[in-house]
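Heads up: the structure comes next, in structure tokens.
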Amino acid sequence: QVQLVESGGGLVQAGRSLRLSCAASGSIFSIPVMGWFRQYPGNQRELVASIHTGGSTHYYGSAKGRFTISRDNAKNTVYLQMNYLKPEDTAVYYCNAVEYRFRRDWGQGTQVTVSS
């Protein structure tokens, strides 16, 4: 079973950047679409960005124009570069397969806190 470990979060001021990493314990090559999700307290996880094995990307909501998702299949790692961070980006960020049939157990996530 592939385990997912997110890292790279922290406390930053608005306007700054963070780069999140998601390291998988096994191969993610067989997972067609990987995504970064975020969860606000008391809310469900929402998809922020996704990337296909072939490299095509999609962004959702306020992530458009500010976030960049990438994946390194050889390293079994997915990244999320977040620029021009806003206080409303404050959340716990997770990575996982976008399609339910490829979904793995959720990791612990990484906390991102953006101060104004």
Discussion item. For the CD atom on Gln3, are there more than 12 heavy atoms of other groups (residues, nucleotides or ligands in this structure) within a distance under 6.0 Å?
Written reply: no
Discussion item. Are the side chains of Arg66 and Asp89 in contact, using a 4.5 Å heavy-atom criterion?
Written reply: yes
Worksheet entry | Short side-chain to backbone donor-acceptor contact, Gln111 and Gly9, under 3.5 Å | no
Worksheet item: Would you say the side-chain atoms of Tyr79 pair up with the backbone N or O of Asp72, donor to acceptor, closer than 3.5 Å?
Response: no
Discussion item. I'd like to know if Ile28 and Tyr94 are part of one continuous hydrophobic network [Ile/Leu/Val/Met/Phe/Trp/Tyr, side-chain heavy atoms within less than 4.5 Å].
Written reply: no
Item to complete: Measure from the ring center of Trp36 to the ring center of Phe67 and say whether it is less than 6.0 Å.
Response: no
Worksheet item: More than 12 non-hydrogen atoms from neighbouring residues, nucleotides or ligands closer than 6.0 Å to CD on Glu46, yes or no?
Response: yes
Discussion item. Heavy-atom count check: over 12 atoms from other residues, nucleotides or ligands less than 6.0 Å from Tyr84 OH?
Written reply: no
Item to complete: Report yes or no: do Leu85 and Leu20 belong to one cluster of Ile/Leu/Val/Met/Phe/Trp/Tyr joined by side chain heavy-atom distances under 4.5 Å?
Response: yes
Worksheet item: Is there a path from Met34 to Tyr59 through hydrophobic residues (I, L, V, M, F, W, Y) whose side chains come within less than 4.5 Å of each other?
Response: yes
Worksheet item: About how many Å separate CD1 of Ile51 and NE2 of His58, when rounded to the nearest 0.5 Å?
Response: 11.0 Å
Worksheet entry | N/O donor-acceptor pair under 3.5 Å between Thr90 side chain and Val114 backbone | yes
Worksheet item: Which atom names give the shortest non-hydrogen contact between Glu6 and Gln108, and what distance separates them?
Response: OE1-N, 3.6 Å
Item to complete: To the nearest 0.5 angstrom, please state how far the CG atom of Asn83 sits from the OG atom of Ser17.
Response: 3.5 Å
Discussion item. Return the CG to OG distance between Asn73 and Ser27, rounded to the nearest 0.5 Å.
Written reply: 7.0 Å
Worksheet entry | Thr53 side chain vs Pro32 backbone, donor-acceptor pair below 3.5 Å | yes
Discussion item. Nearest 0.5 Å, please: how far is CZ in Arg19 from OG1 in Thr68?
Written reply: 10.5 Å
Worksheet item: If only atom types and distance count, is the side chain of Arg104 paired as donor or acceptor with the main-chain N or O of Leu4 below 3.5 Å?
Response: no
Fill in: Check: Ser50 main-chain N/O paired with Tyr60 side-chain donor or acceptor under 3.5 Å
no
Fill in: Hydrophobic cluster membership, Leu47 vs Val92, 4.5 Å side-chain cutoff
yes
Worksheet item: How long is the span from the OG atom in Ser116 to the CD atom in Gln13, to the nearest 0.5 Å?
Response: 9.5 Å
Worksheet item: What distance do Ser7 atom OG and Tyr93 atom OH have between them, rounded to the nearest 0.5 Å?
Response: 15.0 Å
Item to complete: State whether the number of non-hydrogen atoms from other residues, nucleotides or ligands found under 6.0 Å of Arg103 atom CZ is greater than 12.
Response: yes
Item to complete: Is it possible for you to say whether Val48 and Val112 belong to one hydrophobic cluster, with membership spreading through side-chain heavy-atom contacts below 4.5 Å?
Response: yes
